[in-house]
Amino acid sequence: MKIIIVGNGKVGYAIARQLAVEGHDITMVDSSPVALARADSTLDLMCGEGNGASISVLEEAGARTADLVIAVSNLDETNLVCCLIAKTMGAKHTIARVRNPDYRRDAALLKREIGMDMVINPDLAAAREIARILSFPSASSVEPFAGGRIDMIGIQVTERDRFYGVALSEFHRIRSAEVLICAAQRGDECIIPNGNFVPREGDKLYMVGTKSELQKMLRAMGRTQQRVKTVSLLGGSRIAMYLTWELAVSNTKVCIVEQKHDKCLQLAAQLPTAMIIEGDGTDIDLLEQEGIADADVVICLTDDDRLNLMLALIAKHLGAKKTIVRVSRIEYGDLMEKVGVDIVLSTRLLSASEVLAFARRGGVVSVSLLEGAKAEAVEVIVQDGAPVAGKRLMDVRLPKECLVCAYVRDGEAYIPNGQSVLMAGDRIILFIQTEYSKKVMKYFKGRE
């Protein structure tokens, strides 16, 4: 595909990096020569300096013949204008990043009136991801598939888990559940485990199943699933606003600590059900007096990654049961988890996941990047004439770097085995080591 990316900020760079790995013809447009120099020196792409909303700049970048134009600059309005101009010039598809909460109800209208194919909102995506994690208190990540019929959850293994030190085949024999443990992250190694795999403390395991079966599995492991009733948010960012709206559905009590007076007034006006505290999230006396760390979960949502880490460590020091930290720099994730942060969430990876699913097309419904983009969970619809269609999985000989985790047929979810036969139209959930994704996806696409 010929792709133009307008805006080489953190999100633009993350998207470009993932698309470049798949061999797309990419042109990066940005008004900053410094930002372009970084992309030019580290990624396989072309660069064009200038305003992405300029007709002449888009013309020079090749918008008239582009398959996809992705506008992810820091200004929503610039992104919208860019997509409108690119579509008028002849670009086949356009995607715009729109973050302003005022536009949250306008996504469908923007698509219809401007002709955009997709609107991405990293802050809203992050808020929804956090809300899903809170629905599975024991999980460190939750990825929904097939319209919510199937979930993939990630959990961090501890010595208290009943399958700690026990081979997976033995654990399943004793405590059955229609759940597939599809992957394990051990240090820097991503493993697709077999029945002989023995979980160790610190491993991160990914499990796939229906919500009820996953809950059954977690109970079998000895993990209680008490509902999250109270949440403290440190930082009154857009994510905090979106998350409070999401949590209002479950009547979760939300307290937000924000230092800026004007922002506190804005939050109070927009979020009448939340408690807004004006103060410094690093002020230990304030956090103790207000009982911030006594909440079921403390979530750090400022726009500064290093400040979020500090806030999480302070909350842990005060006795917080669970901490979640939002980061923009993916490389900070491993460090934060090593020093005690429970869950690290990358807004950049969430945006890149959405764009990847659109760029791949060919039946791909969604892509979830995992473990800093080293692995991914993909939902794909089996196409007519695909190599896997009508064959037993044991006969297809899929690459060992992937695993068919589940499939949905006629609204029913199934965990497959070697005898399972996939049919055209089935929704398949795959776990893939990212560097092999292009190779794996060929098995599920029809003949071109």
Side-chain angles (χ1 to χ4, degrees), residues 9-11 74-76 97-104 121-131 133-134 228-329 332 336 341-348 350:
K10 296 184 178 88
V11 171
N74 290 329
L75 295 175
D76 293 349
R97 177 173 73 167
V98 179
R99 299 183 297 173
N100 192 324
D102 292 339
Y103 294 134
R104 70 186 185 278
N121 185 332
D123 300 324
L124 178 57
R128 287 174 173 168
E129 174 73 6
I130 294 170
I133 291 171
L134 296 182
V228 172
K229 298 178 181 178
T230 57
V231 173
S232 293
L233 309 183
L234 303 183
S237 62
R238 278 186 294 260
I239 299 177
M241 189 175 292
Y242 284 124
L243 179 58
T244 302
W245 284 325
E246 292 289 322
L247 295 179
V249 178
S250 58
N251 294 319
T252 303
K253 293 182 179 179
V254 177
C255 174
I256 303 175
V257 178
E258 168 55 46
Q259 192 168 10
K260 295 179 181 177
H261 178 72
D262 291 345
K263 187 172 282 188
C264 286
L265 294 178
Q266 180 187 5
L267 291 169
Q270 295 277 356
L271 308 172
T273 61
M275 177 185 290
I276 313 299
I277 297 175
E278 183 178 342
D280 184 352
T282 63
D283 184 340
I284 294 178
D285 290 337
L286 171 68
L287 299 183
E288 285 183 322
Q289 290 169 10
E290 298 294 342
I292 301 302
D294 295 333
D296 295 325
V297 184
V298 176
I299 308 174
C300 306
L301 297 173
T302 76
D303 293 326
D304 186 323
D305 289 355
R306 286 166 290 189
L307 177 57
N308 285 337
L309 172 58
M310 181 185 294
L311 292 170
L313 294 178
I314 291 172
K316 276 289 187 184
H317 171 72
L318 294 177
K321 307 179 193 74
K322 188 170 188 175
T323 55
I324 299 176
V325 168
R326 167 261 184 206
V327 297
S328 57
R329 297 177 69 93
Y332 284 172
M336 289 188 177
V341 176
D342 295 299
I343 299 173
V344 180
L345 190 72
S346 168
T347 50
R348 281 195 286 176
L350 292 171

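All values below come from the heavy atoms of this structure, side chains included, with hydrogens, waters and symmetry mates left out. As the structure is a computational prediction, the values presented were derived from the model and not from experiment.
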Inset, instruction - Supply the atom-to-atom distance Gln259 CD to Leu307 CG, rounded to the nearest 0.5 angstrom. - result: 9.0 Å
Legend entry - Which atom of Ile284 lies closest to which atom of Leu318, heavy atoms considered: CG2-CD2, 3.8 Å
Legend entry - Steps toward salt bridge (charged side-chain N to carboxylate O under 4.0 Å, His left out) verdict (Asp305, Arg326): CA-CA 7 Å; Asp305 289 355; Arg326 167 261 184 206; 3.7 Å; yes
Legend entry - Identified side-chain contact (heavy atoms from CB on, under 4.5 Å) counterpart of Asn308 within the set Val325, Leu313, Val327: Val325
Inset, instruction - For Glu258, check salt bridge (charged side-chain N to carboxylate O under 4.0 Å, His left out) against everything at least two apart and list the hits. - result: none
Inset, instruction - Could you pull out the closest heavy-atom pair between Ala312 and Val341, with the gap in Å? - result: CB-CG2, 4.0 Å
Legend entry - Result of checking Thr273, Leu271, Leu247 against Val254 for side-chain contact (heavy atoms from CB on, under 4.5 Å): Leu247
Inset, instruction - Considering non-hydrogen atoms only, spot the tightest contact between Val257 and Asp280 and give its length. - result: CG1-C, 4.4 Å
Legend entry - Non-hydrogen side-chain atoms of Lys253 and Val231 separated by less than 4.5 Å: no
Inset, instruction - Kindly indicate whether the side chain of Leu286, heavy atoms from C-beta on, has any atom under 4.5 Å from the side chain of Ile277. - result: yes
Legend entry - Criterion side-chain contact (heavy atoms from CB on, under 4.5 Å) against Leu233, the qualifying member of Val298, Leu243, Leu267: Leu243
Inset, instruction - Give the minimum heavy-atom separation between Leu345 and Ala126, together with the two atoms involved. - result: CD2-O, 3.7 Å
Inset, instruction - Carefully, step by step, assess Lys316 and Asp342 under the rule salt bridge (charged side-chain N to carboxylate O under 4.0 Å, His left out). - result: CA-CA 10 Å; Lys316 276 289 187 184; Asp342 295 299; 2.8 Å; yes
Inset, instruction - For side-chain contact (heavy atoms from CB on, under 4.5 Å), just list the numbers for Leu134 and Ile324, CA-CA rounded to whole Å, side-chain angles, deciding distance to a tenth of an Å, and then say yes or no. - result: CA-CA 10 Å; Leu134 296 182; Ile324 299 176; 4.2 Å; yes
Legend entry - More than 12 heavy atoms of other groups within 6.0 Å of Lys321 NZ: yes
Inset, instruction - Could you tell me the separation between the CZ atom of Arg99 and the CG atom of Asp123, rounded to the nearest 0.5 Å? - result: 6.0 Å
Legend entry - Where Asp76 and Asn100 come nearest, the two heavy atoms and their spacing: OD2-N, 2.8 Å
Inset, instruction - Report yes if some heavy atom in the side chain of Asp303 is under 4.5 Å from a heavy atom in the side chain of Ser237; otherwise report no. - result: yes
Inset, instruction - Kindly indicate whether the side chain of Glu290, heavy atoms from C-beta on, has any atom under 4.5 Å from the side chain of Cys255. - result: no
Legend entry - Residues forming a side chain to side chain contact (heavy atoms under 4.5 Å, CB included) with Lys229, sequence neighbours excluded: Arg227, Asp296
Inset, instruction - Working to the nearest 0.5 Å, report the span between CD1 of Ile276 and CD of Gln270. - result: 10.5 Å
Inset, instruction - Please check if the side chain of Ser232 supplies one atom and the backbone of Ile292 the other of a donor-acceptor pair under 3.5 Å. - result: yes
Inset, instruction - Measure the spacing between OG1 of Thr282 and CG of Leu287 and express it to the nearest 0.5 Å. - result: 8.0 Å
Inset, instruction - State, with a plain yes or no, whether a side-chain heavy atom of Thr347 is found less than 4.5 Å away from one of Ile239. - result: yes
Legend entry - Value rounded to 0.5 Å, distance of OG1 in Thr302 from CE in Met310: 10.5 Å
Legend entry - Distance, nearest 0.5 Å, that separates CG of Leu301 from CD1 of Ile256: 9.0 Å
Legend entry - Side chain proximity check, Gln266 to Met241, heavy atoms < 4.5 angstrom: yes
Legend entry - Where Val297 and Ile299 come nearest, the two heavy atoms and their spacing: CG1-CG1, 3.8 Å
